[in-house]
There are 2 protein chains.
Amino acid sequence: MSKKQCSMTIGVLAKAAGMGVETIRYYLRRGLMAEPEKPYGSIRHYDEQALARLHFIRTAQWLGFSLDEIGGLLTLQDGTHCDEARVLGEQKLTSVRQKISSLQRIERALDGLVQECCAQRGNVECPLITSLQDGLENTRLLPD
Amino acid sequence: MSKKQCSMTIGVLAKAAGMGVETIRYYLRRGLMAEPEKPYGSIRHYDEQALARLHFIRTAQWLGFSLDEIGGLLTLQDGTHCDEARVLGEQKLTSVRQKISSLQRIERALDGLVQECCAQRGNVECPLITSLQDGLENTRLLPD
DNA sequence: GTTACTCCCGTAGTCAGCTACGGAATCAAG
DNA sequence: CTTGATTCCGTAGCTGACTACGGGAGTAAC
């Protein structure tokens with residue numbers, strides 16, 4: 001599956017990682033990727049490690065880490081900072097759980113509004129709109 | 001609770017709504033609030049309706065509507081477009097539910113990684129970091 | 001050797017939703 | 001009538017993560 005002596009230009013790497021060339025160049029500028037050597041002329045060549053790094057970034061992004069935080073994670077990469085990595089993971093987990101419960105409250109509120117709309121069909125007053133105007137007081141699901 | 005003949009300057013309104021003056025001026029520019037009359041000189045005066053509008057905006061924002069979408073909701077405000085409002089609510093509800101389930105997958109993935117970190121304490125390899133490098137394949141919770 | 005593609009680099013633009021700045025006008029209090 | 005706060009308006013800046021553009025250089029295929 002993975003070739004050992006794999007040397008890619010930025011365009012090939014971008015295709016392999018499923019992202020744009022400019023994105024990779026942006027990560028280089030941000031310092032998220034090491035500048036690779038330029039074996040021939042002035043054109044950079046990337047290897048499997050570079051591709052792995054892009055996977056790392058994309059996965060961490062999906063987990064909710066910002067590019068700055070990902071930069072932090074990458075400094076822990078030698079494997080000797082497991083505790084620090086765990087702490088970052090726990091913090092992110094906490095914030096993810098907060099987002100979930102917040103969204104669940106939103107879900108309940110929206111669901112209630114839509115139900116009311118369905119029930120009151122034909123009425124002059126739209127309960128969804130009037131609830132927004134009245135600030136959702138009766139739902140007891142107010143914003144934080 | 002609510003005074004009938006309430007006339008506020010933008011600063012008072014901002015304080016009442018708990019937001020900044022510049023934010024309200026921004027909403028005016030975006031067309032989310034009607035330009036109020038300027039009874040004396042060139043200074044705008046706002047009433048209870050303006051405050052209600054700000055509540056509307058903030059609540060709808062909390063529910064996940066963008067300012068553009070809120071502009072759309074506001075055109076339905078006369079109460080005769082209950083069906084359209086319900087459709088918008090249902091769409092938003094769907095996207096909120098998608099976000100929730102996506103975040104729940106993230107939660108499971110992160111939780112797994114943190115657990116592994118705790119278990120493997122003292123190990124040279126940090127399982128959180130290596131999982132990110134390997135793309136989370138073993139967790140079967142990959143990004144969409 | 002010519003054409004067509006890709007690469008390099010730096011800079012600037014995009015999106016949403018604000019937030020800040022500067023200078024003039026106006027208002028309320030003393 | 002002065003002082004100081006507030007308002008007006010237009011414009012510009014901010015954040016995060018890209019995305020695009022322009023012009024020059026290198027590279028690959030025919």
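Values reported hereafter were calculated over all heavy atoms of this structure, with side chains retained and with hydrogens, waters and symmetry mates removed. Letters A, B, ... are given to chains in the order of the sequence lines, protein chains preceding strands, and every chain is numbered from 1. Being a predicted model, the structure only gives us computed values, none of them experimental.
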Legend entry - Atom pair distance, as rounded to whole Å: CZ in A:F65 and C1' in D:dG16: 17 Å
Legend entry - Interatomic distance where CG belongs to B:L32 and C1' belongs to C:dG17 [whole Å]: 11 Å
Legend entry - Salt bridge A:D111-A:R108, side-chain N to carboxylate O under 4.0 Å: no
Legend entry - Which nucleotide in D:dC21, D:dT27, D:dC8 has an atom nearest any side-chain atom of A:I43: D:dT27
Legend entry - Spacing of A:R29 atom CZ relative to C:dG10 atom C1', expressed in whole Å: 8 Å
Legend entry - OP1 or OP2 of D:dA17 under 4.0 Å from side-chain N/O of A:R25: no
Legend entry - Comparing B:Y46 and A:D68 on DNA chain D - which has the more 5′ nearest nucleotide: B:Y46
Legend entry - Rounded distance in Å - CD1 (B:I10) to C1' (D:dC9): 11 Å
Legend entry - Distance below 4.0 Å between B:T9 side-chain N/O and D:dT6 OP1 or OP2: no
Inset, instruction - Verify the contact: side-chain N or O of B:R44 to OP1 or OP2 of D:dT7, cut-off strictly under 4.0 Å; return yes or no. - result: no
Inset, instruction - To the nearest Å, give me how far apart CG (B:L54) and C1' (C:dC18) are. - result: 14 Å
Inset, instruction - Side-chain contact test, heavy atoms from C-beta onward, threshold under 4.5 Å: evaluate it for A:L88 versus A:K92 and give yes or no. - result: no
Legend entry - Side chain proximity check, A:L67 to A:Y26, heavy atoms < 4.5 angstrom: yes
Inset, instruction - Could you tell me the separation between the CD1 atom of A:I70 and the C1' atom of D:dG16, rounded to a whole number of Å? - result: 12 Å
Inset, instruction - Report yes if at least one side-chain N or O of B:Y26 is closer than 4.0 Å to OP1 or OP2 of C:dA20; otherwise report no. - result: no
Inset, instruction - Mind calculating the distance between CZ (A:R30) and P (D:dC18) to the nearest angstrom? - result: 9 Å
Inset, instruction - Would you mind telling me which residue lines up with the more 5' stretch of DNA chain C, B:S42 or B:Q61, judged by nearest nucleotide? - result: B:Q61
Legend entry - Residue pair A:L128 / B:L76, side-chain heavy-atom distance below 4.5 Å: no
Legend entry - Residue-phosphate contact under 4.0 Å: A:T23 side-chain N/O, D:dC18 OP1/OP2: no
Inset, instruction - Would you kindly give the CG-to-P distance between B:L13 and D:dT6, to the nearest whole Å? - result: 15 Å
Legend entry - Among A:L51, A:L32, A:L74, side chain to side chain contact (heavy atoms under 4.5 Å, CB included) partner for A:F56: A:L74
